[in-house]
Amino acid sequence: MRKKIVAGNWKMNKSLDEGLSLVSEIIHMAEDEKHNEAEVVLCVPFIHLVSVAKMIQGKENIHLAAQNCHHEESGAYTGETSAAMIQSTGAKYVIVGHSERREYFGENDALLFAKIKQALSNGLSPIYCCGETLDVRETGKHISLVTGQVSEALFALSPDEIQKVVIAYEPVWAIGTGKTASAEQAQEMHAALRKHLAVKFGEEIANSISILYGGSVKPDNASEIFAKADVDGGLIGGASLKSRDFMQIIAVI
Ligand code: PGA
């Protein structure tokens, strides 16, 4: 059985106090509502990692993630944070290749491959983001573009390594725009990605990899998207900043 995951990507939001209040609301509601088996992952800014790690200690289904890591092990990279440093806070995951990093920081698949290797060799599971822009979708080349992103960043991994990766399909045109891919569009891409993974790594491994959908997931559209066979959860931006919305999304996985 593949792991179901609902990950909240806070992006560059929340002061330390605001972030800790949000986490304490989530913990409280999770206890009250005794949520399902899904893993909840909080992808917080670096400054929150240590404090959130303490708050979620002993909470089996709640895990911590960073939103980025550097592609080198350590050294003179002022302002950067390494995978080893992130792992030392107690985080389990790190987002790699979010479309905002690709667009605003020029990150390409070769660099993302180096980040993924850093994450894996330091005991972190990468949440690798891929997805097409509207232009690409309109030309009908979205599936070849996104499967290409996956080949470039993930196909040099070993069978052991790939099984530690989570993939997040996030159509760029759906991120923060209020436009969600339809459940059918999400399923089509997720199934294509799984097939692509199966060709390289075999069916058993492909069937074990969680593929999340991201892009304007809200409480009112989550259940339709999560109901699709190859959608194993979501990467939630805006709606993860409000505890009630986030918990409602977790409740329907
Ligand atoms: P959104 O962001 O839910 O606000 O569209 C998703 C993401 O960027 O991970």
Side-chain angles (χ1 to χ4, degrees), residues 4-14 18-19 22 26 38-46 48-49 52 63-69 86 91-107 112 115-116 119 124-134 136-137 142 145-146 149-150 153 165-183 185-186 189-190 193 210-226 228 231-253:
K4 301 268 187 197
I5 299 171
V6 180
N9 175 13
W10 294 4
K11 308 191 182 185
M12 195 174 72
N13 292 295
K14 304 283 180 194
E18 289 165 352
L22 176 58
I26 291 168
E39 264 195 21
V40 174
V41 181
L42 304 174
C43 311
V44 304
F46 290 130
H48 295 79
L49 283 171
V52 175
H63 298 280
L64 185 61
Q67 300 172 10
N68 178 37
C69 67
I86 293 166
K92 178 175 174 191
Y93 294 98
V94 58
I95 298 177
V96 175
H98 191 281
S99 65
E100 288 148 16
R101 302 239 22 123
R102 293 177 191 258
E103 184 179 352
Y104 306 132
F105 301 92
E107 296 189 357
L112 298 176
K115 291 188 180 215
I116 286 167
L124 292 172
S125 281
I127 301 175
Y128 174 67
C129 298
C130 51
E132 81 286 358
T133 58
L134 192 54
V136 172
R137 180 158 280 264
H142 46 289
L145 182 117
V146 178
Q149 288 174 330
V150 164
V165 174
V166 172
I167 295 176
Y169 167 56
E170 299 205 302
V172 178
W173 48 271
I175 296 177
T177 58
K179 279 189 212 150
T180 329
S182 67
Q185 286 172 323
M189 183 63 81
H190 285 223
L193 287 174
S210 300
I211 307 180
L212 316 183
Y213 170 79
S216 297
V217 177
K218 305 283 178 230
D220 59 0
N221 59 25
S223 55
E224 202 185 336
I225 298 170
F226 292 169
K228 292 294 178 191
V231 178
D232 305 309
L235 181 55
I236 322 297
S240 73
L241 298 172
K242 295 190 197 116
S243 54
R244 177 62 55 199
D245 287 1
F246 190 51
M247 294 312 293
Q248 280 176 6
I249 293 170
I250 294 165
V252 298
I253 184 82

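Both counts, for ligands and for their atoms, begin at 1 and track the order of listing. Excluded from the calculations below are hydrogen atoms, water molecules and symmetry mates; all remaining heavy atoms, backbone and side chain alike, are included. What you are looking at is a predicted structure, and each value in this text was computed from that prediction instead of being measured.
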Close side-chain approach of R101 to I95, heavy-atom, < 4.5 Å: no

N9 side-chain N/O to G237 backbone N/O, donor-acceptor pair under 3.5 Å: no

Close approach of G214 to ligand 1, heavy atoms, under 4.0 angstrom: no

CA sep, side-chain torsions, deciding dist, call: Q67, W10, side chain to side chain contact (heavy atoms under 4.5 Å, CB included): CA-CA 9 Å; Q67 300 172 10; W10 294 4; 4.1 Å; yes

Protein contact of atom 9 (O) of ligand 1 - nearest heavy atom, named by residue and atom, plus distance: E170 OE2, 2.7 Å

Close-contact set for ligand 1 against L235 heavy atoms, below 4.0 Å: 6 (C), 9 (O)

Under 4.0 Å to a heavy atom of G215 - the qualifying atoms of ligand 1, by number: 5 (O)

Pairwise distance CG(L212) to CD1(I225) - rounded to 0.5 angstrom: 12.0 Å

Nearest neighbour of atom 3 (O) of ligand 1 from the list A239, A174, G237, on a heavy-atom basis: G237

Distance-only N or O hit between ligand 1 and K11, under 3.5 Å: yes

Element-labelled atoms of ligand 1 that are located less than 4.0 Å from some non-hydrogen atom of G238: 1 (P), 3 (O), 4 (O)

N9 and ligand 1 - part of the residue with a heavy-atom distance under 4.0 Å: side chain

Distance, nearest 0.5 Å, that separates CD of Q149 from SG of C129: 10.0 Å

Criterion side chain to side chain contact (heavy atoms under 4.5 Å, CB included) against I5, the qualifying member of L235, V40, V41, I253: V41

K242 atom NZ, neighbour heavy-atom count above 12 within 6.0 Å: no

Side chain to side chain, Q185 and H142, heavy atoms closer than 4.5 Å: no

Within-shell test, H98 vs ligand 1, heavy atom, strictly < 4.0 Å: yes

Distance filter under 4.0 Å to S216 heavy atoms, resulting ligand 1 atoms: 1 (P), 3 (O), 5 (O)

Polar proximity ligand 1 side, K218 side, N/O cut 3.5 Å exclusive: no

Candidate with minimal heavy-atom separation from atom 5 (O) of ligand 1, of G131, G176, A168: G176

